[in-house]
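The structure under discussion appears below in the form of structure tokens.
Since the model is a prediction, treat every value here as computed from it, not as a measurement. Residue numbers start from 1 in every chain, and the chains themselves are labelled A, B, ... in the order their sequence lines are given, proteins ahead of strands.
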Amino acid sequence: MKLDHLNDRQRQAVTTTEGPLLVLAGAGSGKTRVLTHRIAYLIKDKGVPPYQILALTFTNKAAKEMRDRVNSLIEGDAGSSVWVFTFHGFCVRILQAEIDKLGYQKGFIIYDEQDQQSLIGHVIKDLNLNDKIYSKKMLSSVFSDAKNHSLKPERFLSETSQPDPVIQAYRLYQKRLKEANALDFDDLLLKTIDLFEAFPDVLEKYRDRFHYILVDEYQDTNLAQYHIVSMLAKKHRNLCVVGDDDQSIYAWRGADIRNILEFEKDFEGCTVIRLEQNYRSTSKILDAANEVIANNRGRKAKKLWTAKTGGEDIDVHESDDERDEAYYICSRIANGVRAGARYDNYAILYRTHAQSRILEMMLKSFMIPYRVYGGTSFFSRAEVKDILAYLRLFLNPADDEAFLRVVNLPPRGVGGSSILALMAHAREKELPLMSAAGDPGEMPARIAAKFFPFLDMMAPLYAKLGTMPLSEFTEELLRTIGYDAYLRSDKKENYETRAEIVEELIGYIKEFEASYSDSDGDVLQAFLTNVALFSQADAVQEDNGCVNLMTLHSAKGLEFPVVFLCGMEDGLFPASQSRFDPEKLEEERRLCYVGVTRAKEKLYLSYVRERMLYGQRSSMMPSQFLQEMGNALPVNRSQPKQVFREPPQPKKVQESFHSYTPPKPTSQFTYQPVKAEPAKVQKRDFDGNVGEFVRHKVFGRGQILSISGQGSAKIVEIRFDNGVVKKLAAAFAPLEKES
DNA sequence: ATTTGGGTTGTTTTT
DNA sequence: CAACCCAAAT
């Protein structure tokens, strides 16, 4: 194994194979390289059988990349038998083999956030809780907190003295999950721990097996993950964790920075190696990053340096508003491309998804191909959810959330009251909804009959399941339920887009089953798990010929020659909720650090004076982080604001899911770069004037007091004859001039 | 039963 | 200015 292209520290990190090892790897210091070489070194030079190695990552993409790179380092496909998984994927794998020991069935399904919310909604109803105090949101975050922070959520809840209703709700929630044979995301970790604790022989089995364990992004592990790792590593103690406390950006979802800060205490006699040479960015960029992060307290001492001295100045730009900002960014990109750059050299990073919209519009009018990661992704489209809900019901008829979603979709005359009756009946009999519908007992016949069409339709499909490839089965399913006709009849949204999404999903299933070789598993379950664990970052693909748009969070681990960090304003970034909470502020600052260090050659920082927030214009101040980077920014940065000609009117965004890529290595979904759409004629422009009288379909006659905004954002303020003053969107309100 | 509309929320970030 | 939730209309 040749290691001479590694620097001394990297090589040390690769070859220190025995005992606990903490690698503090600064941004761009070659952490993935170390991990992959370490795995290859273990196999090739140390003769470790690949199946004794376990590597844990946070995203599927990271896992896939690691697998690929290991395989290219060693001949043959020995690398493929290394277990490289995300934490969640690893837990699923174990639970699929062992979960029956915990009283669940093997074909469990994973509830996503929406299912979770909706289930909590039912719990609130059933317990008659005041949903003003105990909202879905509040409860779900408490539950998640409890699960993430503690091995015994119940104990956590009482120790943090949660009010009784919360504890009751928690119990009922867990009970319902179990009845539905479902696990939420946090359960995946928690149940694995439960399993290991309750069945020492099972733990022993895995403990024996994994002689070498590697953990990527260790700074982002939560207590549950920490626990899993330490249980597994207890025997052989060959645990290598790699991370950077400065890049810990997931505390809000339970990541505990102490896991990395106290690793040395937790694993006695551990070796610590610091990787401080950055191979990614120019020193101009790195200086800025070092400046901001220096404002955080309680971090491990380290000083990143780079051999790439100098480089281009960082650009700081002020715009009037977000439209202007978008224009500025687009024109920079257009110039760059004209000068020979590729579109995929560029990334536009922002704090919140909401910021992407205006950027998208402007990119379209510049005819710049782009890709948005995250946001309303393909898998959260209603059509996809519909179909997946059906499929879930086939894997697991106890899935009540899925049942509720599809029982009346397309509409087949099953309404709220029937559902309510069924739910009561099901509760009484302690049956899942599906079974309860098939076993109506003393339910009024009139109501029971409502469910017959649905049941009759499903029954033959159950019989067909498994007799044909999943994709064909899905097509059969869609034909049977008449989904296409439903899409056509639903005039709300345009049929073409939605039909296209259905096609896309079928295509995705085909890809999946083609690459699914393990004949020993249930394809349907594997597929649903794959989808549930699919994440934003997984879709990222370099060299796609597109400008990349994403949140700062999903940018972690990536790098781009040119990075735009936009919306650098107090209240947005750092977010308003974080500004006065020192811990949260530090996390925002780390996020800023992550953002800055994504850039290899050129960094643009931009902020606006005025931005639309909560539906109204508010004036903004430059982010405090800009001040903090001050020394690394060019001195003459109060450049005169560029004056643009009238920026092109952004075209109406054509509804589109901005692409996604299947996680399988071979899959190659073609993505058509978004081409500019011809401007569509907007809704009619209401042309009343102040003082004139108008008639509203509902409110009656009124007088226009003021008009603001323009185009579809035009707002008219009207005092109606009954004295009520309302602000209405001119483009949408049913207004007519009073004659 | 289904649809519509108004009123009410509230926004980080995601495995 | 959304998305979401509930109430009222048909």
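Looking at A/D256 and A/R258, a side-chain N of the basic residue comes within less than 4.0 Å of a carboxylate O on the acidic one, giving a salt bridge.
Contact annotation: A/S576 side-chain N/O to B/dT11 OP1/OP2 distance is not under 4.0 Å. Proximity of A/R357 to the phosphate of C/dA2: a side-chain N or O atom is located under 4.0 Å from OP1 or OP2.
Residue ring and base: A/F87 does not count as stacked with B/dT15 (centre distance below 5.5 Å and interplanar angle below 30° not both satisfied). In this structure, A/F58 does not count as stacked on the base of B/dT15 under the 5.5 Å centre distance and 30° plane angle limits.
Comparing A/Q225 and A/K584 by the nucleotide of DNA chain B that holds the closest heavy atom to each, the one mapping nearer the 5' end is A/K584.
With hydrogens and angles left out, the side-chain atoms of A/E401 and A/S118 include a donor and acceptor closer than 3.5 Å.
A/E113 comes within 4.0 angstrom of a base, heavy atoms only.
Taking 4.5 Å as the limit, every side-chain heavy atom of A/I94 sits out of range of all side-chain heavy atoms of A/I99.
Distance check on atom P: B/dT11 versus C/dC6 gives 16 Å, rounded to whole Å.
Look at CZ on A/R412: it is 15 Å from P on B/dA1, rounded to the nearest Å. Nucleotide C/dA2 holds its P atom 13 Å from the CG atom of A/L613, rounded to whole Å. The distance between atom NZ of A/K137 and atom P of B/dT8, rounded to the nearest whole Å, is 18 Å.
Residues A/Y250 and A/H553 bring their aromatic ring centres within 6.0 Å.
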